[in-house]
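For clarity, every value in this text was computed on a predicted model and none was experimentally measured. Letters A, B, ... are given to chains in the order of the sequence lines, protein chains preceding strands, and every chain is numbered from 1.
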Amino acid sequence: MSENFRSSETKFLDKTNRISFKYNGKKYYGYKGDTLASALLSNGVHLIGRSFKYHRPRGIMTCGSEEPNAIVQIGGSGSFTEPNVRATEQEIYEGLEASSQNCWPSVEFDVGGINNFISPVIPAGFYYKTFMWPKKLWYSLYEPAIRMSAGLGKSPTQPDPELYDHNHLHCDVLVVGGGISGILAASISADNGNNTVLIDDKNSLGGSTIFQDDENFKIDDEIPSVWLNNQIKNIKNKKNLIIKHRTSLAAYHSYNYLLARENLADHKSLDERSNKLRQRLWKIRAKKVILATGAIERPLIFNNNDRPGVMLANSVKKYIDYFGVRCGNKNVIFTNNDSAYETAISLNKKGINVTIVDIRNNSSSILVKNAKNAGIKIYWNHTVVDTKGYRRIKSIQIMKMSDDGTNVIGSKINLVCDNLSISGGWTPMVHLFTQSGGKLKFRDSDQVFLPNTAMSDQISIGSCNGDFELDDVIKNTNSECKNFLSASVTDYDSLTISCPKQKESKNIWLLPNDKPLGKTKPFLDFQNDSTAKDIKLAMREGFKSIEHVKRYTTTGMGTDQGKLANMHALGIISETAGVKMGSLGTTTFRPPYTPLTFGTIVGRNVGTFFDIIRKTPIHEWHENHKAKFENVGQWKRAWYYPKNNESMHQAVQRESKAARESAGILDASTLGKIDIKGTDASEFLNRVYTNAWSKLAIGKCRYGLMLNEDGMVYDDGVTTRLEENHYVMTTTTGGAANVLSKLEDYLQTEWPELDVWLTSVTDHYATASICGPNSKNILKKLFPKLEFNDENFPHMSFKNAELNGINCRIMRISFTGEHSYEINIESKYGKSLWENCIEAGKEFNITPYGTETMHLLRAEKGFIIVGQDTDGTMTPIDLQMEWIISKKKYDFIGKRSLYRSDTMREDRKHLVGLLTDNPREILEEGAQIVQDEKKQPIEMLGHVTSSYFSPNLNKSIALAVVKNGKKLKGQKLLVPMKDKTINVTVSDFVFFDSKNERLNA
Amino acid sequence: MFIITCPFCGERDQSEFSAGGEAHIVRPKQPTELSDDEWADFLFMRKNIKGVQFERWNHAHGCRKWFNVIRDTSNDKIHAVYKMGEKPPSD
Ligand SMILES: [Zn+2]
């Protein structure tokens, strides 16, 4: 039976609720309210993991989100497993399984530990320099060792079964941090009528004051923990205050837009959390923000300061006072300030052996006096020069320091211990403040960066604003909140506060040692294993900017973002460079403040909710008829309809033949449709299309090409004049939204004098397109009242009609080259229209065809698809479509650009047809085209844009863009592929019915 | 993510808007009269200032109206919002 380190009663744990959990396969017990860290410490477990680079044994250092070492894998190997969870934040629950990371085969015996012994050859920048090493050694030793040990934790191999959620929250005042200053701020804010939200990352409020039981501290004659507990009870009853526990702020953007992650389930056992939300991302927009994010204790930087059992002094205090857990039986406290004496006194009161090593000469603080009175041995003006103990600290060696603090003198004293509590002062947590765009200032007296100018309506209060004494915290919080919230009186105006004041201070970023720096390991970034000597090496090698030193040494680049020792890195850089600390600035603190799971970031936008899916009103019919679908933008379009195990090729060949031989039907509902009304509609079309529109008669349709102002083809489609001042424009499926937005732009900004109104009606109409020699016969059956002769209803014209009493618009237009009609009907009748067409077409073997056949049929005719045969660099002239550019019009969008020297070049890429010498060979779309394979470097003339086997011509056809293509007609070119070169001949790009005879067939 | 006050709808989240580049670039009334250089200047040249910039924005997921914004690109502070065709506020 291992020793029980739970040594005192505490009101913060539910001792009646004993919980079992597994760590590295072994069963342990803790209590409800324990973190994994406190529960492990109560069982005497300190060794948690191995460090990233050297695989040194590492233990729990802290009690919060700044923890660099104690990061574990939670859950087994299934879908619930999660890597990189901080044991100091994970609450235990019945059945929790946790394991060490970054060690193989086990944390006790880790093969990667060899890195520790070869570490002289793994200095800063090792990974950048690696390839300079002798190959032999690299392959045989380093690489296998590094590969085996690389990475932190294992990602789950199955989809995440849990639910995540996003929610918006608007409030008057958001208070971040539930320590004493945050509680007071929330109280003052709520009392002044503000809708207030207080968020805190722990399961209960109170910060470190809630376990401050030292009688030297008093608020209104009560010890702080008692006084604060009453305040917490008090604020829970305030109506306009929402308190969110287990909620950590991830990001603070401009305009007081903040993201917070609320943890709803991670503290519950798996059966308690089934089918419930795991985490929720709050998107908060606050009128005012009060940051009360506190401060983090600094470590001290000395040789071998990373062994399991080396912890921050204030965390040791929390473990004993809050969790009732002692972190050792023989404690040494190593400090440069008074606050660590609180830990010493707490331990001493509970009968735990404690010794103090202080780098200062003396201190006149009451706390120090009390420690002396309690008989605690204090070594003044001493520093730790080494620590011993591989899996747990066993002893330390201390030496006296020279007066200037740069050296050690005298002989070594050996102190046996199983815990070393270190305190190097405090670092205000200004991360969120700087994320929001705030600028910092540097306070020389205690070497801290503090909030200076904020970019949004916010204040920082408490220790994150540099107030470390209880009386300063309360008084300044009160006065700053009053000012910020325009409050005249608060409950805290006349509090009497007493507390010991901080006295003599002394800060040394890198403590002196009897050995040269090169022979020591003073760790700065515990997670990424960077040491003070790495920083100095980087600077010797010429890195000056802190951002560069950071990346070269990886200091501060772990999952903890170097919260503990970034300040020491800055301090050492400034000392080495001989510049003032404040003038260097800091590295950039980027969101998230603590890591977020992907699930939280994505929320409900997974699976079918990942993106919007648009379906036509006829979609169900396509599904019932076994269509394969393709995505066109957000649309699901029927791609082809395989019959009896047909391949795609077979289906498309069948559909293509049927459409030309008798009748085919296509769902064209996805085409963009814009309704255009107004007395200037014709003039507007004149300006946005290249061709002329004023003379288009009512009831007629016209194809138009739309350019960008740079002269490049942007979109195309057929527009129909329904009435004198009423048109309906069609656009490409993918371009609909952009075209509308572009047209609105011109209307609103360049031509506001035009009387034109645009409405998107894409979703309002369903469209069935019937083509083929029998299309007319089918239409006659559907619309017996309508006359379909060429005089009455010619190609490129439109008729209103009725189908079973429902209005339809019929356009006789063609994208296949066949005699063809498009029937538009209100969306809700779309499926019925389609079924009527299929029924009427039965005797003509009407064949539904999809987008693939549509593409093939139009390619036979040489009709372009904007976005496939064009790519934003093609002018109409490049496309050999000079006929569509009006010579008479003074101006249209893009016209001037067609006369720029570059667009007038003769040798631009032109659209051409390609025929393979072997008519059975089909080119690959995207394949490059060359003339001379031997020329070096090989000249790329262009590429294949569309390629099909045409069943109607019984040969392979392709469209391509080729440099100077207009002049190359009839010439042989080459299409080199991976395993062969295909011979092609440049041809006309209209392959089928070049006289357009079938349109009127 | 900032907040833009649409002149027609009021305060809305940035995600409802799309940016339209530099403001007050007028499309030449007689493009054919311009030299290649003059036309290229209109077509391609934009200032892209670090600091106070005049921009066009579109309330794309709202009223679909275009309008002008004076924004400091270094800190996203919006100094003014005004309709198309209006003169920028003088201060
Ligand atoms: Zn609007």
Side-chain angles (χ1 to χ4, degrees), chain A residues 168 170 251-259 283-287 436-439 453-457 591 687 707-712 737-738 740-753 757-760 887 889-904, chain B residues 1-5 7-8 11-46 55-68 71-78 82-86:
Chain A
H168 289 271
H170 295 261
Y252 187 171
H253 298 294
S254 58
Y255 285 69
N256 282 348
Y257 180 68
L258 305 98
L259 300 174
K283 301 177 173 184
I284 306 168
R285 192 70 86 164
K287 291 195 182 115
S436 73
K439 297 278 178 283
T453 45
M455 281 311 302
S456 57
D457 202 2
R687 296 186 190 186
L707 308 186
N708 259 331
E709 204 67 273
D710 63 5
M712 304 303 157
N738 290 339
L740 179 68
S741 144
K742 178 188 163 93
L743 297 185
E744 277 289 357
D745 187 356
Y746 276 91
L747 264 185
Q748 290 179 34
T749 67
E750 300 294 349
W751 310 318
E753 71 280 5
W757 304 92
L758 306 176
T759 311
S760 167
K887 301 282 182 302
K889 285 202 294 185
Y890 179 71
D891 192 14
F892 55 81
I893 297 171
K895 174 168 179 167
R896 175 62 185 80
S897 289
L898 298 178
Y899 304 96
R900 292 177 60 236
S901 56
D902 186 60
T903 43
M904 286 180 16
Chain B
M1 188 119 73
F2 40 100
I3 292 172
I4 299 173
T5 307
F8 306 94
E11 277 190 7
R12 292 289 192 282
D13 209 272
Q14 185 196 343
S15 59
E16 291 186 14
F17 298 86
S18 62
E22 191 180 330
H24 303 298
I25 295 175
V26 182
R27 189 175 186 273
K29 287 271 177 285
Q30 297 175 313
T32 43
E33 314 290 312
L34 300 181
S35 69
D36 269 11
D37 282 351
E38 286 166 329
W39 179 247
D41 195 49
F42 156 74
L43 203 53
F44 302 121
M45 295 308 175
R46 298 295 182 270
E55 303 175 329
R56 292 152 22 98
W57 284 79
N58 182 15
H59 196 181
H61 300 285
C63 64
R64 271 172 39 199
K65 282 286 192 181
W66 284 89
F67 54 93
N68 297 308
R71 181 176 68 106
D72 189 327
T73 58
S74 68
N75 57 25
D76 286 341
K77 192 167 185 256
I78 291 175
Y82 53 101
K83 292 178 186 172
M84 281 296 160
E86 288 181 354

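Both the backbone and the side chain of Trp66(B) come within contact range of chain A, judged by heavy atoms closer than 4.5 Å. In this structure, the portions of Ile78(B) lying under 4.5 Å from any heavy atom of chain A include both its backbone and its side chain. The parts of Ile3(B) that come within reach of chain A are both its backbone and its side chain, each placing non-hydrogen atoms under 4.5 angstrom from that chain. Looking at Phe42(B), the atoms closer than 4.5 Å to chain A (heavy atoms on both sides) all sit in the side chain, from C-beta outward. Looking at Leu740(A), only its side chain comes within 4.5 Å of chain B, counting heavy atoms on both sides. Heavy atoms of Ser18(B) lying under 4.5 Å from chain A are absent altogether. Proximity to chain B (any heavy atom under 4.5 Å) is restricted, for Tyr746(A), to the side chain, taken from C-beta onward. Of the atoms belonging to Met84(B), it is side-chain heavy atoms, and not backbone ones, that fall under 4.5 Å from chain A. Interface residue Asp745(A): backbone and side-chain heavy atoms are both found under 4.5 Å from chain B.
Most heavy-atom pairs under 4.5 Å with chain B, from the set Gly437(A), Ser897(A), Ser741(A), Pro752(A): that is Ser897(A).
With respect to Lys283(A) and Asp13(B), no salt bridge is recorded, no charged nitrogen being found less than 4.0 Å from a carboxylate O. With respect to Glu750(A) and Arg687(A), no salt bridge is recorded, no charged nitrogen being found less than 4.0 Å from a carboxylate O.
In the displayed structure, Lys77(B) atom NZ is contacted under 6.0 Å by at most 12 heavy atoms of other residues, nucleotides or ligands.
One N or O on the side chain of Asp710(A) and one on the backbone of Met712(A) form a donor-acceptor pair closer than 3.5 Å. No donor-acceptor pair closer than 3.5 Å links the side chain of Lys889(A) to the backbone N or O of Lys895(A).
By the 4.5 Å heavy-atom criterion applied to side chains, Tyr255(A) and Arg285(A) are counted as neighbours.
Across all non-hydrogen atoms, the minimal contact from Lys287(A) to Asn256(A) is O-ND2, 3.2 Å.
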